[in-house]
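Please read all numbers here as calculations on a predicted model, not as lab measurements. Naming convention: chains lettered A, B, ... in sequence-line order (proteins, then strands); numbering from 1 in each chain.
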Protein chains: 2
Amino acid sequence: MVKYREQALDQVFQALSDPTRRAIVRALAKRERTAGELATPFDMSLAAVSKHLKLLEEAGLMTRRIEGRTHYCRLNLGGLERAQGWLSFYERFWSERLDKLAEIVSEDG
Amino acid sequence: MVKYREQALDQVFQALSDPTRRAIVRALAKRERTAGELATPFDMSLAAVSKHLKLLEEAGLMTRRIEGRTHYCRLNLGGLERAQGWLSFYERFWSERLDKLAEIVSEDG
DNA sequence: AATACACTTAACCATATGGTTAAGTATAGA
DNA sequence: TCTATACTTAACCATATGGTTAAGTGTATT
């Protein structure tokens, strides 16, 4: 099960490592979009975007609702939470750093 | 300069998408380590780990201090901050979600 | 019934990735 | 000075990635 989590992280970070996919995530952050809507801003084929969508879905960053012939895509917070979760492990470093800074600042010697 | 930031994000997320590299980051989180120390836990050649270290360095996740023939590696918070920064854009969604939950819970109708 | 639309999937291609072994570089120790 | 140590770099390989075009699937329109 550790394996599972590891692979899920692989997928999320891998998904976020591509600028097109990050742009799609940002677009989805605002509101639900169809595959076609998502594709138009990009200088690449619909087929290429379609593959990105599949990847985002598999990484747990997106869900899809099919209505007739159009695919409505929504942001899935699961993937983002997973990434955040891993990174939050390091928040203590930021805190520690801030603590040290506070110490230095408050030194009255 | 947007391009620059984008590429930096590509590199950070790409670096974090590999389990070996994440493990190295975790190891560095505890304390400074030499390249050799970092390599021993893994079932792969030192050369392979060396390439991972180079990648982590380029992604801004690690720095290196060479003393004689040994390379001392340290965590570089820059890369982690960059990743956190991008993800923190979405924190408002978590907040919003929590707000909505709070609303629902507090409904007295 | 025929055709346009909104997609996905398949086949293909060039380049990137993650590993290997072998060779190279530079310092430390005998 | 010779050899061991602590690495990196080079050459290579198999598989993954990110794009293409062409074909396929299913729904809407006329």
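- The backbone N or O of T63(A) lies less than 3.5 Å from no partner atom in the side chain of N76(A), so there is not a single donor-acceptor pair.
- Annotation: the span from S88(B) atom OG to L87(A) atom CG amounts to 10.5 Å, rounded to 0.5 Å.
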Using a cutoff of under 3.5 Å, can you pull out all pairs of nitrogen or oxygen atoms linking the protein to nucleotides 26-30 of chain D, with atom names and distances?
{"from": "dT27(D)", "atom 1": "O2", "to": "R69(A)", "atom 2": "NH1", "distance (Å)": "3.2"}

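- Using a 4.0 Å cut-off, no side-chain N or O of H52(A) falls inside it from OP1 or OP2 of dT17(D).
- Spacing between atom CG of L53(B) and atom P of dG18(C) amounts to 13 Å, rounded to whole angstrom units.
- Sorted by residue number, the list of members of residues 54-64 of chain A with any non-hydrogen atom under 4.0 Å from DNA chain D is empty.
- Of all heavy-atom pairs spanning A27(A) and R33(A), the tightest one is O-NE, 3.4 Å.
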Can I get a per-line list of side-chain donor-acceptor pairs under 3.5 Å for residues 43-56 of chain B, giving both atom names and the distance, sequence neighbours left out?
{"from": "S45(B)", "atom 1": "OG", "to": "A48(B)", "atom 2": "N", "distance (Å)": "3.1"}
{"from": "H52(B)", "atom 1": "ND1", "to": "R21(B)", "atom 2": "NH1", "distance (Å)": "3.1"}

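- A 6.0 Å sphere centred on CZ of R26(B) holds more than 12 heavy atoms belonging to other residues, nucleotides or ligands.
- Note that the two end axes of the helix from dA1(C)-dT30(D) to dA30(C)-dT1(D) enclose an angle of 10°, each drawn from 5 base pairs, rounded to 10 degrees.
- A heavy-atom distance below 4.0 Å to DNA chain D is reached by these residues of residues 32-51 of chain A, ordered by number: M44(A), S45(A), A47(A), A48(A), K51(A).
- A search for salt bridge (Lys or Arg N to Asp or Glu O under 4.0 Å) contacts involving R64(B) returns E57(B), not counting sequence neighbours.
- Minimum heavy-atom separation, L75(A) to A29(A): CD2-CA, 4.0 Å.
- With rounding to whole Å, H71(B) atom NE2 is found 14 Å from dT25(C) atom P.
- Residues satisfying the side-chain contact (heavy atoms from CB on, under 4.5 Å) test with R65(A), not counting sequence neighbours, are E32(A), E67(A), Y72(A).
- Taking the six-membered ring for Trp and thresholds of 30 and 60 degrees, W86(A) and F13(A) have ring planes more than 60 degrees apart, a perpendicular arrangement.
- Counting heavy atoms from C-beta on, the side chains of Q14(B) and Q14(A) come closer than 4.5 Å.
- Residues M62(B) and L28(B) come closest through the heavy atom pair CG-CD1, 3.6 Å.
- Counting heavy atoms from C-beta on, the side chains of L16(B) and L61(B) come closer than 4.5 Å.
- Residues passing the side-chain contact (heavy atoms from CB on, under 4.5 Å) test with P19(A), sequence neighbours excluded: R22(A), E6(B), D10(B).
- In terms of the side chain to side chain donor-acceptor pair (under 3.5 Å) criterion, E58(A) has no residue partners (sequence neighbours excluded).
- A15(A) and A59(A) get closest at one heavy-atom pair: CB-CB, 3.8 Å.
- Annotation: proximity of residues 11-21 of chain B to DNA chain D (heavy atom, distance under 4.0 Å) is found for no residue.
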